[in-house]
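Everything below concerns the one structure shown next.
Everything quoted here is computed from the prediction, not taken from an experiment. Proteins come first, then strands; the chains are lettered A, B, ... in the order of their sequence lines, and each starts at number 1.
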Amino acid sequence: MVDVAIIGVGLHPFGRFGPKSAIDMGADAIRAALADAGVQWADVQFAFGGSFEVDNPDAVTSRLGLTGIPFMDVYNGCATAATALSLTADAIRSGQYDLGVAVGMDKHEPGAFTSDPVDYAAPPWYGEIGHFLTTKFFAMKINRYMHDHGISDRTLARVAAKNYRNGVLNPNAFRRKPISEDDILASRMLNYPLTQYMFCSPDEGAAAVVLCRADIAHRYTSTPVYLRASTVRTRRFGAFEVHASWAAVEQDAAPTVYASKAAYEQAGIGPDDVDVIQLQDTDAGAEVIHMAENGFCADGDQEQLLADGATEIGGPLPVNTDGGLIANGEPIGASGLRQVHELVLQLRGQAGERQVPGNPRVGYAQLYGAPGTAGVSIVSL
Amino acid sequence: MAQIAFAPDVFTWPADEPRLIGGRCTSCGTVTFPVWPSCARCGSTEVEQHLLPRRGTLWTFTTQEFLPKEPYAGGETAETFRPYGIGLVQLDDEVRVEARLTESDPATLRIGMEMELVVVPFRTDDDGTEVMVYAFAPVEGS
């Protein structure tokens, strides 16, 4: 099978941008990625576009040139960007195309996401009685996890404070102010034990990646970053998942665990080989749980690791070096490609003030969202 | 004052000892709440009604401290909204059910505590009708 390289990344900043449309943000992200790769839109043979709010991300072609290419629109919850990336890579791996673009864009209203619970296979009354909230699921999951594995509220605050600090160093981030652990703990309780400043916010933004056959990557760049694995998995029976009126007593691991194992296998890389990590931090608790679900530590080790600063930019396990979802917010379609954008900058040594020291060579990104879907990507020099 | 259930076929009521109406797969025995159209484990479409145990233990919990967006139909405004507890209660070894809790103060809740099904008012409509919902309450002395 053909190997795949990332030769260009582009990002429209995350935040709130008044009347600017998601399509225009997507066009900006694609232009930036094309410029980074040194290719023209006319060179792009196909694309996958992901969004929650935009029905047809392919409308971006009207901003870039109506070249008639196949442009496939995808939506897969919070794993949308991983899905777009995975499908783009697979189309190249299969030999069908030489060069394509994965793009994600979104523009959300402020506040927690809502929808029709019936579309998530939940009972029709699930929302009416006040159960249809992703935030309360994440709170219930971390509350049980803290009980089982001895994680403290302080550790949750440490995660959020780190991500805000990293956001200060990222000019594209939504939140660029440091917030102290004490202020995070003292902010308004939204869903016990999670306070307001422990959650990310839905916002606006776009990100794009240009991929090509690995054997032609050197035509475009002296530092291609290889996409070694891209996997998507849905939940198995027994996983404790979001938007469910019931859960099985018999327990199975979360879909992230399966996506992660498959990605390590596909890449021939293990967690010890990873130098830079991007995890889905919908809330501070999710980052703690995802550290273990992705194989970076044992359950419960996070308490000491966070106290020791292990996940800081200069630590042995740098997590969410660009501030993650907590500092960037979550435009769903773009979020996972923001992660890949950050990993590519880190591996190229272009991450500026937030550069991980020691010439990182392997990056890892994970997404998780409703109704129980995970995506993992592994990149390396 | 008139009282009505928030939805049909979710719990037996009126009843002195209400029960949640779950479903059971006749093929693999998987128990769900409410009745599921087909089995989430094996995909069989042969499911039957199955009344769930009234008591169980609190597996995890949280609080809902902001007014949910639509389709929430609690009838409160941001000013009148009061936080509610919500948790997952394990009923014997059959199933874990997500439900409102009668307690909304985390200090009164503890993972592993014994809980019992109750039916409580959820909303009062303009004509005075109380709309009732299932919830779990801590068992005294547990």
Problem - Derivation of the side-chain contact (heavy atoms from CB on, under 4.5 Å) call for A/Trp246 and B/Leu20 - result: CA-CA 12 Å; A/Trp246 61 282; B/Leu20 291 175; over 6 Å; no
Handout entry: Options B/Ala73, B/Gly74, B/Pro71, ranked by heavy-atom pairs under 4.5 Å with chain A, top entry
Key = B/Pro71
Handout entry: Contacting moiety of B/Trp59, where chain A heavy atoms sit under 4.5 Å
Key = both
Practice task
Locate the shortest heavy-atom distance separating A/Pro193 from A/Asn143; write the atom from each residue and the value.
Solution key: CD-CB, 4.1 Å
Fill in the blank from the handout: Interface check, chain A: of B/Leu88, B/Asp92, B/Val95, most non-hydrogen pairs under 4.5 Å belong to B/Val95
Exercise for the section: Tell me, for A/Tyr126 versus chain B, whether the close heavy atoms (under 4.5 Å) come from the side chain, the backbone, both or neither. Expected result: side chain
Problem - Region of B/Phe122 in contact with chain A, defined by heavy-atom distances below 4.5 Å - result: side chain
Problem - Heavy-atom pair count under 4.5 Å with chain A, highest-scoring of B/Thr63, B/Val31, B/Val133 - result: B/Thr63
Completion exercise
Bottom line for B/Val97: the part with an atom under 4.5 Å from chain A's heavy atoms is both
Exercise for the section: Let me know if B/Gln90 has heavy atoms under 4.5 Å from chain A in its side chain, its backbone, both or neither. Expected result: side chain
Practice task
Look at B/Thr32, B/Leu67, B/Val131 and state which one has the largest set of heavy-atom pairs under 4.5 Å with chain A.
Solution key: B/Thr32
Practice task
Using non-hydrogen atoms and a 4.5 Å limit, figure out which bit of B/Arg123 sits close to chain A: side chain, backbone, both or neither.
Solution key: neither
Exercise for the section: Work out which heavy atom in B/Leu58 is nearest to a heavy atom in B/Gly87; give both atom names and the distance. Expected result: CD1-CA, 4.4 Å
Practice task
Using ring-ring contact (aromatic ring centres under 6.0 Å, His included) as the criterion, list what pairs up with A/Tyr75, not counting sequence neighbours.
Solution key: A/Phe52
Handout entry: Winner by heavy-atom pair count (cut-off under 4.5 Å) against chain B, out of A/Gly130, A/Ala244, A/Ala248, A/Ala139
Key = A/Gly130
Exercise for the section: Let me know if A/Gln251 has heavy atoms under 4.5 Å from chain B in its side chain, its backbone, both or neither. Expected result: side chain
Problem - Which atoms of A/Phe240 approach chain B - backbone, side chain, both or neither, heavy atom under 4.5 Å - result: side chain
Fill in the blank from the handout: Applying a strict 4.5 Å limit to non-hydrogen atoms, the region of A/Phe237 in contact with chain B is side chain
Fill in the blank from the handout: Counting heavy-atom pairs under 4.5 angstrom with chain B, the leader among A/Met189, A/Lys136, A/His131 is A/His131
Practice task
Kindly confirm or rule out a cation-pi arrangement of A/Arg236 over A/Tyr258, judged by NZ or CZ under 6.0 Å from the six-membered ring centre and within 45° of its axis?
Solution key: yes
Handout entry: Evaluation steps, ring pair (Phe, Tyr, Trp, His ring centres under 6.0 Å), between A/Phe137 and A/His243
Key = CA-CA 7 Å; A/Phe137 161 76; A/His243 296 333; 8.2 Å; no
Handout entry: A/Arg188 versus chain B, the contacting section by heavy-atom distance below 4.5 Å
Key = side chain
Completion exercise
Interface check, chain B: of A/Ile142, A/Leu194, A/Leu133, most non-hydrogen pairs under 4.5 Å belong to A/Leu133
Problem - Heavy-atom pair of closest approach, residues A/Ala334 and A/Phe14 - result: CB-CZ, 3.8 Å
Completion exercise
Honestly, the part of A/Pro124 sitting under 4.5 Å from a heavy atom of chain B is neither
Exercise for the section: Step by step, work out the side-chain hydrogen bond (donor to acceptor under 3.5 Å, both in side chains) result for A/Ser152 and A/Glu303. Expected result: CA-CA 7 Å; A/Ser152 64; A/Glu303 186 71 9; 2.7 Å; yes
Problem - Heavy-atom check, side chain of A/Glu204 versus side chain of A/Pro331, under 4.5 Å - result: no
Handout entry: A/Glu287 side chain to A/Asn320 side chain, donor-acceptor N/O pair below 3.5 angstrom
Key = yes
Problem - Result of checking A/Lys141, A/Arg233, A/Lys261 against A/Glu293 for salt bridge (charged side-chain N to carboxylate O under 4.0 Å, His left out) - result: A/Lys141
Practice task
Dump the intermediate steps for ring pair (Phe, Tyr, Trp, His ring centres under 6.0 Å) on B/Phe33 and B/Tyr134, then the final yes or no.
Solution key: CA-CA 12 Å; B/Phe33 171 74; B/Tyr134 63 96; 5.2 Å; yes
Exercise for the section: Measure B/Ala40 against the heavy atoms of chain A and call it side chain, backbone, both or neither at under 4.5 Å. Expected result: both
